[in-house]
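A short write-up of the structure that comes next.
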Protein chains: 2
Amino acid sequence: MVRQREFDVDQALEDAMHIFWSKGYEATSLSDLTAGMGIQRPSIYSAFGDKKELFEAALRKYTAAHAAQARSVLLHGESVKEAFKRYFEGIVEESYADPQNRGCFCINTMVEMAPHDEKFEILTREHEMYLAAIFQEAIERGLRSGELHTGVDAKSLAQTLVVSLIGLTVMMKARPERSFVDHSVEVILTLIQ
Amino acid sequence: MVRQREFDVDQALEDAMHIFWSKGYEATSLSDLTAGMGIQRPSIYSAFGDKKELFEAALRKYTAAHAAQARSVLLHGESVKEAFKRYFEGIVEESYADPQNRGCFCINTMVEMAPHDEKFEILTREHEMYLAAIFQEAIERGLRSGELHTGVDAKSLAQTLVVSLIGLTVMMKARPERSFVDHSVEVILTLIQ
DNA sequence: ATCATTGTGTACCGATTGGTATGTTATGAT
DNA sequence: ATCATAACATACCAATCGGTACACAATGAT
């Protein structure tokens, strides 16, 4: 081979992910990216393709990590109720602790890109579907163990919890009083019985 | 006075609202606006100020109409449960019928602008709070009439319904199967007892 | 009829956009 | 040591961005 790369591709992608996450696609310029990633434009184009391909790679990296975190919280431990409580409250905590108030990269993309770009409509929808599948698996575990005995079917309940989580995440971007969010989490969790 | 305006200011603002609603702030150019509003740039600047001021005026027009619609559906008629059902299902219907898939202008703005612009953080938060107040009023009406006897307090329930509605609206931007959304609405409405 | 005032259309401004051509430097195979 | 290859930095490209200067047209008061 020939001259080797002087930058870490995965680290650069991680940097790009944080920039796109906090500013969105349109508001992020190539100059923002070169500055934040610490590399020049031709390096970006040779390693990742154009701006939109880089964005897609960054989003895929995010959703993979995000789904892994959901799995690790919801598919382990004894109590399913406790797991959901920890998961929802963890997301609330993270959101209020983020000074940049970025919310969820996937949700941001759903709002900004999905209506105009089918690729991102599909990509974001499939991530939320996967999240719903994880939720459903956790609920069914609770049903089998006898911890839960819910009236509605596990799938509908899981989807509703995903919807509620999306709503919480978006609402927190407007920085409502903490009690607003905390009370909502309490009420949402009453769905899991 | 002197020469009079040749365009209808309110109609131009309505046009601008639809453009910003479907494309967002960053992705909308002055050329998009002049083309869609049917007037030239200097006319925009003299009538509305700069791009961001026009955006704010458009958003205020939207939220006023949006809140009025919520009031008209939720604060009249006999059954509160039926009113919420009609309200939620109406929003689902509207969303799936919109070929542009614009969702809610206020929610779009919450995601795109609120984290970076305090003015829009406040503006969007206050609209959602106002919506929650309308919801709460409807719930309290149902409690007084004896139609409802909910375990949780009306305020928390109202806030949770707002959160759920935001989640639904955002989720629909990724065009999930209709049954996903319909089942979620059913489950969400079970909170109102 | 004249004049001050203000809306309209054109044409332009500097700055920034996403993207690339180019010359140079580093590397491994031969 | 030579050479093909590819990453590097610089400098550039046309196009578009938000915003405005300016000349002209229309209006009502005098």
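Naming: A, B, ... by sequence-line order, numbering from 1 per chain.
Taking the C1' atoms of five terminal pairs at each end of the helix from dA1(C)-dT30(D) to dT30(C)-dA1(D), the two resulting helix axes are inclined by 0°, rounded to 10°.
Taking every heavy atom of residues 11-43 of chain B and every atom of DNA chain C, pairs under 4.0 Å involve Gln40(B), Pro42(B), Ser43(B), by number.
In this model, no donor atom of one side chain and acceptor atom of the other lie less than 3.5 Å apart for Asn108(A) and Glu112(A). A donor-acceptor pair shorter than 3.5 Å can be found between the side chains of Tyr130(A) and Arg71(A). Side-chain N/O atoms of Ser95(A) and Arg102(A) include no donor and acceptor closer than 3.5 Å. A side-chain donor-acceptor contact under 3.5 Å links Asp153(B) and Ser156(B). Judged by distance alone, the side chains of Ser43(B) and Arg5(B) never bring a donor and an acceptor atom under 3.5 Å apart.
Between the CZ atom of Arg5(A) and the C1' atom of dA7(D) there is a distance of 8 Å, rounded to whole Å. Distance CD (Gln4(A)) to C1' (dG28(C)): 10 Å, rounded to an integer number of Å. In this structure, Asp50(B) places its CG atom 8 Å from P of dT20(D), rounding to the nearest Å. Atom CD1 in Ile44(A) sits roughly 13 Å away from atom C1' in dC8(D) (whole-Å rounding). When rounded to the nearest whole Å, the span between CD of Glu6(A) and C1' of dT24(C) equals 12 Å.
Under a 3.5 Å cut-off, the side chain of Glu147(A) and the backbone N or O of Lys81(A) do form a donor-acceptor pair.
Taking both residues in full, the closest heavy atoms of Ala114(A) and Ala174(B) are given as CB-CA, 4.4 Å, listed atom of the first, atom of the second, then distance.
Of the two residues contacting DNA chain D, namely Ser46(A) and Tyr45(B), the nearest-nucleotide position lying further toward the 5' end is that of Ser46(A).
Judged by atom type and distance alone, Arg3(A) reaches the base of dA7(D) through a side-chain donor-acceptor pair under 3.5 Å.
Counting non-hydrogen atoms of other residues, nucleotides and ligands closer than 6.0 Å to NZ of Lys155(B) gives a total of 12 or fewer.
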